[in-house]
Amino acid sequence: MGNITYDMKYDKNEIVSMLNARGADEEALMQRALATKLEHLDNNVHLRGLIEYSSVCSKNCLYCGLRSGNGHAERYTMTDAEVLDCARQAMELHYGSVAIQCGERSDKAFTDKIAYLVREIKRLSDGQLGITLSCGEQTEEVYRQWFEAGAHRYLLRIEASNESLYYKIHPNDDRHSFAKRLACIDNLMKIGYQTGTGTMIGLPFQTVEDMADDLLFFQRKGVAMVGMGPFIPHPETPLWQYRDIIPSVDERLAMTMRMIAVLRLMMPEINMVSATANQTLHPQGRSRAIKAGANVLMPNLSPTTYRRDYQIYPDKQCVDETADRCASCLELQMRAIGHNILYDAWGDSKAFLKNQSKSR
Ligand code: 5AD
Ligand code: SF4
Ligand code: FES
């Protein structure tokens with residue numbers, strides 16, 4: 001599948017200067033990004049009901065609370081019935097799509113189970129629910145197996161597109177390979193998934209040049225979706241030691257908004273998610289990202305009993321809320337900023353659909 005090309009070509013210097021915008025310039029950037037979104041897309045916000053399937057993870061990323069080295073994390077895996085109940089709830093709440101997210105595992109019992117759950121969700125919804133997977137790095141065969149089972153979107157963040165930064169936030173061993181991560185993203189695109197990637201913002205050692213390169217990386221790859229969110233230090237992880245040298249909470253949030261806004265100018269038709277981490281840093285964090293150019297939200301569908309244990313970062317929001325409370329909360333929040341939640345739709349990436357029709 002050919003890469004998507006865009007008219008809006010900015011060079012790295014222009015991107016850096018937009019990321020450095022403050023005051024009136026920053027305000028103008030936000031307004032331009034919102035206008036660009038409304039012009040190329042619309043004011044619709046797409047939902048993916050989030051199913052946090054399992055907190056078991058075989059990896060050891062230096063930023064994440066689910067890392068295998070964290071002996072204090074509670075590990076759970078939802079039963080099949082619980083997963084299917086989440087999917088039923090998504091139907092009842094008129095969410096057109098669900099996303100299954102979990103720690104990474106590559107054993108056959110796990111990969112077959114995901115394929116089974118995808119098929120069952122398709123069956124119970126009569127093909128109506130869209131399914132996104134976010135289950136880490138897998139072989140090309142496994143990605144194909146899951147695609148054939150009915151998953152059509154996949155999220156795999158590159159986390160940091162600068163290889164040397166990548167190895168500052170991951171152990172440098174064969175289980176955490178930058179080259180493998182890149183190859184996985186390429187495989188997903190080749191198989192035909194609507195592929196999403198993304199990064200964290202405000203990582204230790206990350207520079208504004210790195211962030212500009214992240215945006216250029218997304219554009220070069222021609223991905224269909226991007227999810228970027230602020231880094232939130234977790235006390236049970238190695239990167240916690242850098243909590244005092246990273247940018248402040250306000251700055252991480254503001255940089256996230258500028259990253260979203262600049263990317264909307266660069267890639268006007270992609271789907272961009274407003275990360276839940278925004279809401280942890282600020283009560284209006286999620287809405288701000290929508291106003292800065294994002295167009296997707298991922299309300300949690302996981303049973304309340306598990307929400308607290310899926311602790312990628314601390315102070316996660318909505319851990320005591322039920323799915324229908326989150327649904328009405330989001331409806332109000334989006335209406336307040338002049339946006340409209342689109343129910344009962346897959347909400348595919350316009351960039352992806354256009355590219356697909358071109359390559360036929
Ligand atoms: N802060 C913010 N985001 C995090 N992620 C993992 N740990 C953290 C953290 N401490 C993000 C990663 C991963 C996604 C599931 O969650 O980008 O891809
Ligand atoms: Fe596991 Fe993903 Fe967390 Fe890395 S970011 S430790 S792969 S859950
Ligand atoms: Fe969960 Fe607001 S989205 S309570």
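Ligands are counted one by one from 1 in listed order, and the atoms in each one are counted from 1 as well.
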Candidates F352, W146, Y154 - the one meeting ring-ring contact (aromatic ring centres under 6.0 Å, His included) with Y193: Y154
Min side-chain heavy-atom separation L124-R88 under 4.5 Å: yes
E140 with K190: basic N within carboxylate O range, under 4.0 Å: yes
Atom 2 (Fe) of ligand 2 within contact range, any protein heavy atom under 4.0 Å: no
Side chain to side chain, C318 and C326, heavy atoms closer than 4.5 Å: yes
Residue pair A294 / I260: nearest heavy atoms and the distance that separates them: N-CG2, 3.6 Å
Under-4.0 Å heavy-atom contact with ligand 3, by part of R286 that carries it: side chain
Flag, side chain of E104 to backbone of E137, donor-acceptor distance under 3.5 Å: yes
Side chain to side chain, Q219 and L263, heavy atoms closer than 4.5 Å: no
Basic-acidic side-chain contact under 4.0 Å: R153, D348: yes
Contact atoms of ligand 2, heavy-atom distance to Y63 under 4.0 Å: 5 (S)
Per-ligand residue contacts, ligand 1, heavy-atom threshold under 4.0 Å: Y63, C64, R157, E159, M200, P230, F231, I232, I312, Y313
N, O or S from C329 under 2.8 Å to atom 2 (Fe) of ligand 3: yes
Pair Y310-Q101, side-chain hydrogen bond (donor to acceptor under 3.5 Å, both in side chains): steps then yes or no: CA-CA 10 Å; Y310 198 79; Q101 199 183 76; 3.3 Å; yes
Y63 ring center near H170 ring center (under 6.0 Å): yes
Ligand-residue contact atoms, ligand 3 with C318, heavy atoms, under 4.0 Å: 1 (Fe), 3 (S), 4 (S)
Centroid separation W346 to H152 less than 6.0 Å: yes
NZ/NE/NH1/NH2 to OD/OE distance under 4.0 Å, E148 and R144: no
Proximal protein heteroatoms (N, O or S) of atom 1 (Fe) of ligand 2, under 2.8 Å: C57 SG
Atoms in ligand 3 flagged as close to C326, the criterion being non-hydrogen separation under 4.0 Å: 1 (Fe), 3 (S), 4 (S)
